[in-house]
Amino acid sequence: MSDFISIKKRSHYCGALRASEVDQNVVLMGWAHRRRDHGGIVFVDLRDREGLVQVVFNPDICPEAHLEAQKIRSEFVLAVEGKVRRRPAGMENPTLKTGEVEVMVSELAILSEAKTPPFSLDADTDLSENIRLKYRYIDLRRPEIQKYLLLRNRVAAEARRYFQDAGFIEVETPFLTKSTPEGARDYLVPSRINKGMFYALPQSPQLFKQLLMISGFDRYYQIVKCFRDEDLRADRQPEFTQIDVEMSFISVDDIISVMEGLMAEVFKNCLGRDLSLPFPRLSYFDALDHYGKDNPDTRFSMEIRDLTDIFRDTGFEVIREVIDNGGVLKAILVKDNKRLSRKDLDGIRDYIATYDAKVSAWARINPEGWTSTIFKYLKAEEVQKVNDAMDAHEGDLIVFAADTLKTIREVLGNLRLQLAKKLDLIDPNQFAFAWITEFPLFEYSDTEKRYVSTHHPFTSPVMEDLPLLRSDPGRVRARAYDLVLNGSEIGGGSIRIHQQKVQSLIFQALGLGDEEVRLKFGYFLDALEYGTPPHGGIAFGLDRMIMIMSGAESIRDVIAFPKTQKATCLLTDAPTKVSIEQLMELSLKIA
RNA sequence: GGGGUCGUAGUUAAGCUGGUUAUAACGCCGGCCUGUCACGCCGGAGGCCGUGGGUUCGAGUCCCAUCGGCCCCGCCA
């Protein structure tokens, strides 16, 4: 039986057989998905990455194979030879792509026996992730998981083709590189040859791709792993893949249009979906103002509206106090409030309360006014103005919250998403892209008590804002842009600083000392002085893109061998302790 | 670092207010079956109730700790 492979070659994928192959003699290899033994006749569903086909062991055709087929169990690896035939009338299985045909086996070889798998490969059972990840190689046999990786492969291939056709050059950059301050925590790699020294795994190839621009490569791309030692989420893994891009002699609009072209081709060729170009653009300020977030889900409206001015002189003390202290009152409108029960509304108030917002209230609109705990404190004129401002009509619901601008954006931004899910306002088949532009260059960090880069320290400011760098750093705008898809940031980039003087000013504004800058970025500042073209770029999170394109619930589903939330690998058991010898070789001691 | 949630047979789950021998489905093993496709029928095996401690006459169930999966906040240039 072990001769089978050396004598015979596979002729078809199991899942590829169709009526057009009828009467052909075929050789198939695959896994026994299921056996149905009728005593006199045995059916086996043979599975490979392309799908399932029914193979039939009939003692009238081959008694030896029929006898051998008794031994077949789930996930045995089989080779069969036989003739494809149209199934007898009435025996077709329309749920299988191969359901019109079956293979009458004339020879069977069991290539590999298999232990009973630890879980069913059927789609219908929910499996816990710990067992799936421990036996990931079996989990990956399931067609619904393979589907994700097959899509991922197509997207990557399509992206490569797109960039190659557009004159981009793929260049690899180092994984063993230099630790950088700013940004995420680095993964460190100790150096054996240079004792006490460490490499860092790149958080992104940022500086290398800029150096490639300085080197004159002009248009670069790379599909590359990046590493960030931060806590995990449903859409975050410590190692993840970026489609990384950089271009010289370009404007923001040039980059945006090249990337819109990429998205259009990828969605067309991988999902058969036509995207309408160009994507809408929204300033950072407008995004926060209308949606409370810089990654707005624009698949539904329900925008946040500001009512502060209406209540500036209100007699309702609680609200006026918030406004007098520089706070705001904002609201969102829910159409058709009957879909929310009294319990739901209490839930909304409780939810807002978790943010410690000073004011939270709701109002059902009816002909006599509002059903609301705050109705009696308001003047008729105020109620009317609110109704007008919110476009509220009978049967609608208004949800209010008042506190600081930052809190209210957060509260209503999140509430907007929760309500949309609850009310089923989100069309799961829609892809809503939006560019977010005009980010602030810096954000004040409460933990570090200084300004930090919103994007990264190599982002070019809008030149006319340069004078603000000293006086009011928080107001300096960046030439940066994010691409948001269905409320998820899938890419971000910027025009970079190409003048050493400007770069030094930025480091100053970030409160980085000359010596530290020299130590960390000296090589890069030097490079900037040797003829740097104006340049800029972007990076896309490939994992997140695939997750959204495929409708996967977790980023882990689109990664072949992902980490758990504690950043461990249940399959390999990494990370593990290492021997004392390994540590000594690296001059390391565990504290 | 913090909050929440889950952990019972190979798998997915049930197990009420603490009370006799811990249930079910699927899977697994044996037998029968020549047109099934989640095949069917008959029979059978299978448990450290995550782990450790406590309360109690008695703990899967209550309490504490701990380990692990997942979700969230912080964090993620």
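Every heavy atom of this structure was used, including side-chain atoms; hydrogens, water molecules and symmetry mates were not. Lettering follows sequence order; numbering is per chain, from 1.
- For A/Arg36, a side-chain nitrogen or oxygen approaches OP1 or OP2 of B/C39 to under 4.0 Å.
- For A/Arg233, no side-chain nitrogen or oxygen approaches OP1 or OP2 of B/G74 to under 4.0 Å.
- Checked for salt-bridge contact, A/Asp244 and A/Lys209 meet the test: a charged N lies under 4.0 Å from a carboxylate O.
- OP1 and OP2 of B/G69 both lie 4.0 Å or more from every side-chain N or O belonging to A/Arg556.
- With hydrogens and angles left out, the side-chain atoms of A/Gln503 and A/Gln499 include no donor and acceptor closer than 3.5 Å.
- Side-chain proximity of A/Asn93 to B/G69, B/A38, B/C33: nearest is B/A38.
- With hydrogens and angles ignored, a donor-acceptor pair under 3.5 angstrom links the side chain of A/Glu102 to the base of B/G35.
- Straight-line distance between the C1' atoms of B/G46 and B/A24: roughly 14 Å, to the nearest whole Å.
- Between A/Tyr444 and A/Tyr451, the ring-plane angle classifies as perpendicular under the 30° and 60° cut-offs.
- A side chain to side chain contact (heavy atoms under 4.5 Å, CB included) with A/Phe57 is found for exactly one of A/Asp37, A/Ile41, A/Ile72, namely A/Ile72.
- Residue pairs meeting the side chain to side chain donor-acceptor pair (under 3.5 Å) criterion with at least one member in residues 44-56 of chain A, sequence neighbours excluded: A/His33-A/Arg47, A/Arg36-A/Asp45, A/Arg36-A/Gln54, A/Arg47-A/Glu75, A/Gln54-A/Glu102.
- Taking atom CD of residue A/Gln418 and atom P of nucleotide B/C71, one finds them 17 Å apart after rounding to whole Å.
- Applying the Watson-Crick and G-U wobble criteria (two distances, each under 3.5 Å), B/G7 pairs with B/C67.
- A/Ser554 comes within 4.0 angstrom of no nucleic acid atom, judged by non-hydrogen atoms across all strands.
- Atom NE2 in A/His38 sits about 12 Å away from atom P in B/C41, given to the nearest Å.
- Using a 4.0 Å heavy-atom criterion, one finds that A/Leu232 contacts no nucleic acid atom at all.
- B/G3 and B/C39 have their P atoms separated by 48 Å, with the value rounded to a whole Å.
- Here the two rings, on A/Phe524 and A/Phe458, have centers that are under 6.0 Å apart.
- Distance check on atom P: B/C63 versus B/A45 gives 36 Å, rounded to whole Å.
- Residue A/Arg34 places no side-chain atom within donor-acceptor reach of the base of B/C39, judged by atom type and a 3.5 Å distance cut-off alone.
- With a cut-off of 3.5 Å on both pairing distances, B/C76 has no Watson-Crick or G-U wobble partner at all.
- Protein atom CD1 of A/Ile138 is 17 Å distant from nucleotide atom P of B/G27, rounded to whole Å.
- Comparing A/Ser74 and A/Asp45 by the nucleotide of RNA chain B that holds the closest heavy atom to each, the one mapping nearer the 5' end is A/Ser74.
- In this structure, the CZ atom of A/Arg136 is 14 Å from the C1' atom of B/G69, given to the nearest Å.
- At the heavy-atom level, A/Thr95 lies nowhere under 4.0 Å from the strands shown.
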Run the numbers on A/Arg132 and A/Asp557 for salt bridge (Lys or Arg N to Asp or Glu O under 4.0 Å), then give the verdict.
CA-CA 11 Å; A/Arg132 285 178 52 196; A/Asp557 280 343; 3.0 Å; yes
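- Distance A/Lys563 NZ to B/G69 C1': 16 Å, rounded to the nearest Å.
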Just by protein heavy atoms under 4.0 Å, how would nucleotides 2-10 of chain B read 5' to 3' in B, S and -?
--------S
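- Phosphate proximity of B/A38 to A/Ser120: absent, as no side-chain N or O sits under 4.0 Å from OP1 or OP2.
- Side chain of A/Arg228 to backbone of A/Gln203: a donor-acceptor contact under 3.5 angstrom is found.
- Aromatic ring centroids of A/Tyr137 and A/Phe561 lie 6.0 Å or more apart.
- When the C1' atom is compared between B/G47 and B/A9, the two are found 5 Å apart, to the nearest whole Å.
- When each of B/C29, B/G1, B/G35 is scored by its nearest atom to the side-chain atoms of A/Asp231, the top-ranked nucleotide is B/G1.
- B/A24 is paired with B/U12 under the Watson-Crick or G-U wobble criterion, all donor-acceptor distances under 3.5 Å.
- For the pair A/Asp37 CG and B/C28 P, the interatomic distance rounds to 12 Å; values are reported in whole Å.
- The side-chain tip of A/Arg409 points at the ring of A/Phe285 from less than 6.0 angstrom away and within 45° of straight on.
- Comparing B/U11, B/U34, B/C76 by their closest approach to the side chain of A/Asp60 singles out B/U34.
- Both distances falling under 3.5 Å, in either a Watson-Crick or a G-U wobble arrangement, place B/G43 opposite B/C29.
- Remark: the separation of the C1' atoms in B/C49 and B/G7 is 10 Å, to the nearest Å.
- Taking atom C1' in both B/U20 and B/C67, one finds a spacing of 33 Å when rounded to whole Å.
- When each of B/G69, B/C76, B/U11 is scored by its nearest atom to the side-chain atoms of A/Glu129, the top-ranked nucleotide is B/G69.
- Going from the C1' atom of B/A59 to that of B/U17 covers 14 Å, rounded to whole Å.
- Side-chain proximity of A/Thr116 to B/G68, B/U34, B/G27: nearest is B/G27.
- As a whole-Å value, the separation of A/Arg236 CZ from B/C71 P is 11 Å.
- Atom P of B/C57 sits at a distance of 22 Å from the matching atom of B/C16, rounded to the whole Å.
- If you take NZ of A/Lys115 and P of B/C29, they are 14 Å apart, rounded to a whole angstrom.
- Here A/Arg85 lies in heavy-atom contact (under 4.0 Å) with a base.
- You'll find the ring centres of A/Phe507 and A/Phe521 inside the 6.0 Å limit.
- Comparing A/Asp235 and A/Glu230, the nucleotide of RNA chain B nearest to each residue sits closer to the 5' end for A/Asp235.
- The side chain of A/Ser128 has B/U12 as its nearest neighbour among B/U12, B/G69, B/C71.
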